[in-house]
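Atoms within each ligand, like the ligands themselves, are counted from 1 in listed order. Note that the numbering runs from 1 along the sequence shown for the chain. Predicted model, so just to flag it, every value in this text is computed and none were measured.
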Amino acid sequence: MNICCIGAGYVGGPTMAMIAHKNPSIEVTVVDINAERIAKWNSSELPIFEPGLNEVVQSTRGKNLFFSTEIDEAILRADIIFVSVNTPTKTYGVGAGRAADLKFVELCARRIASVVHTGKKIIVEKSTIPVRTAESIKKILKTNSNGAEFQVLSNPEFLAEGTAMADLENPDRILIGGDVATPEGNTAIETLVSIYEKWVTRDRIITTNLWSSELSKLVANAFLAQRISSINSISALCEATGADVDEVAFAVGRDSRIGPKFLKASVGFGGSCFQKDILNLVYLSEHFGLPEVAEYWNQVIKMNDWQKKRFGQKIVRSLFNTVSDKKIAIFGFAFKKDTNDTRESAAIYVCRDLLEEQAQVSIYDPQVGEERIVEALGSSGVSVSDDPYEAAKDAHAIAILTEWDEFKSLDFQRLYDNMMKPAFIFDGRNLLAINKLRKIGFEAHCIGK
Ligand code: NAD
Ligand code: UDX
């Protein structure tokens, strides 16, 4: 069997590396229009940082895993074609700011149809897309194909960045949606099941109709994000009442019906998925004439925006209502630890608000380089350092915006000694031992305490 995956990003790369690793007899080719990205996948410095990824790529690349820009050739050779391209929020026209932009997905469907003229192929939607997208893909394939037969499956990806390889190795579930009403549809589903069954037990492989699979992905992300917005809303109440949000989360999470995960109060969730997918759900709900459903989910985003804003405002208020020309050290720019991804990172929003107040932000992140930071913020008022002590030298405040483990073992006495006084620290992740910081002399603030 031969697999092609269109899109060599955060999902396509790691997912295909795992499939190749677990299926040595299957040849897997990951293709992309971005030649620079493909060159990096073929180099010793992979384009994304993900613990454990390098090892799996090293063990498979050149054997049964290939990265290439020869898209048509890979499509032609493949029995199964995964579509794992980006589906960002639309920035123009109808649905701007909410709907998913499906232009890249559609381009893939059209390219497949134009290249494949005979035989049978299975097309797998790996990208996160609105419910009923498979219908459009089927139509494009059918009306443009010259005799080839296509089955369209939905196989959304649930990996989280930073733990992608562990998530792929040991998934809670694999979800495969297909045309369950036809024998051809069921055969296609079983073909994809057989690939995952090489390492995932059958009871964790869920098969559904196409629309349930597509919608489940949006709903899973909405539920996860909702938990974070829920605990973040309570963090504000904790600050007002003297309760401690970590203690509340622990006590609430011990109820087995609620569970302990995804209840960590923070400066706000980021990442390329949560906001985009909820906006998409909101748009779909409105489209189907359900404004109450739309408003319910929109509130998750509103609470997250408020949490990010609230954090920046707290810094300004604490620093005597002005940060103008004050150096603020930002520790962490990635949207979570163990990734170099900055998409929708809360740090971007907090920094923008501080820059608006004419602060000088000095940023340190263990994995995010200057280019990406300047791309997100511009260069005015922004400096990037590869050393946390340098970043905090002469600063009025430190803000922790990503929960990198290494921040826990920094020498805070040394940081304090080299800062302006009073020295403030704002822990947007409740990562640090706040009492120890206060003992050193910091005026320390955290979330929900
Ligand atoms: P990404 O932007 O990192 O990668 C997408 C890649 O597709 C890019 O390299 C781009 O050049 C390529 N591409 C776009 N159009 C193309 C075309 N016509 N032909 C060939 N290549 C093309 O995106 P990602 O983070 O990997 O996300 C991909 C999809 O998976 C999205 O729908 C996303 O919502 C979903 N998803 C992402 C995550 C995540 O954690 N990042 C998790 C689950 C699902
Ligand atoms: C998410 C989903 O978890 C994953 O299943 C889906 O496939 C893609 O979207 P990801 O965005 O990579 O994954 O990371 P995740 O661990 O979900 O974190 C998202 C954001 O929420 C991060 O900014 C993180 O810091 C924040 N978060 C997470 C919290 O603030 N509190 C928590 O308790 C958990």
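- The shortest N or O to N or O distance between F335 and ligand 2 is below 3.5 Å.
- The cationic group of R173 lies under 6.0 Å from the six-membered ring centre of F158 and within 45° of the ring axis, placing it in a cation-pi geometry.
- Side chain of N430 to backbone of S266: no donor-acceptor contact under 3.5 angstrom is found.
- At least one N or O atom of Y10 sits closer than 3.5 Å to an N or O atom of ligand 1.
- When L107, V85, T339 are checked for heavy-atom proximity to atom 22 (C) of ligand 1, V85 turns out nearest.
- Rounding to the nearest 0.5 Å gives a distance of 5.0 Å between CZ of F82 and CD1 of I3.
- Listed by number with element, the atoms of ligand 1 under 4.0 angstrom from any heavy atom of R343 are 1 (P), 2 (O), 3 (O), 23 (O), 25 (O), 41 (N).
- For the side chain to side chain contact (heavy atoms under 4.5 Å, CB included) test with C238, the passing option among V248, I447, I231 is V248; the others fail.
- Checking only distances, N34 never comes within under 3.5 Å of ligand 1, N or O to N or O.
- Here F223 and W297 bring their ring centres to under 6.0 angstrom of each other.
- The closest protein non-hydrogen atom to atom 1 (P) of ligand 1 is R37 NH1, 3.6 Å.
- Atom CG in N2 sits 5.0 Å away from atom CD in E27 (nearest 0.5 Å).
- Checking only distances, G271 never comes within under 3.5 Å of ligand 2, N or O to N or O.
- Selection from V30, D32, T128 by nearest heavy atom to atom 12 (C) of ligand 1 gives D32.
- Between L159 and ligand 2, at least one N/O pair is under 3.5 Å apart.
- Distances below 4.0 Å separate heavy atoms of K276 from the following atoms of ligand 1: 33 (C), 34 (O).
- At the shortest separation from atom 15 (P) of ligand 2 among protein heavy atoms lies K336 NZ, 3.6 Å.
- Put simply, no part of K337 is less than 4.0 Å from ligand 2, judged by heavy atoms.
- Proximity of a side-chain donor or acceptor of N64 to a complementary backbone N or O of I26 within less than 3.5 Å is detected.
- Those atoms of ligand 1 that come under 4.0 Å of a heavy atom in K217, given as number and element, are 43 (C).
- Using the six-membered ring where Trp is involved, H445 and F424 have ring planes that are parallel, under 30° apart on the 30 and 60° scheme.
- Ring pair W41/F67 is parallel by interplanar angle, where below 30° counts as parallel and above 60° as perpendicular.
- Remark: side-chain polar atoms of K90 are not paired, donor with acceptor, to backbone N or O of R98 under 3.5 angstrom.
- Interface of G9 with ligand 1, defined as ligand atoms under 4.0 Å from a residue heavy atom, comprises 1 (P), 3 (O), 4 (O), 26 (O).
- The heavy atom nearest to atom 38 (C) of ligand 1, considering only V11, D277, I38, I71, is found in V11.
- When hydrogens are left out, the protein atom nearest atom 20 (C) of ligand 1 is I6 CG2, 3.3 Å; that is the closest non-hydrogen contact.
- A distance of 10.5 Å separates CG of L168 from CG of N170, quoted to the nearest 0.5 Å.
- The closest approach between K261 and ligand 2 stays at or above 4.0 Å for every heavy atom of the residue.
- Considering both main-chain and side-chain atoms, F158 comes within under 3.5 Å of ligand 2 through a nitrogen or oxygen pair.
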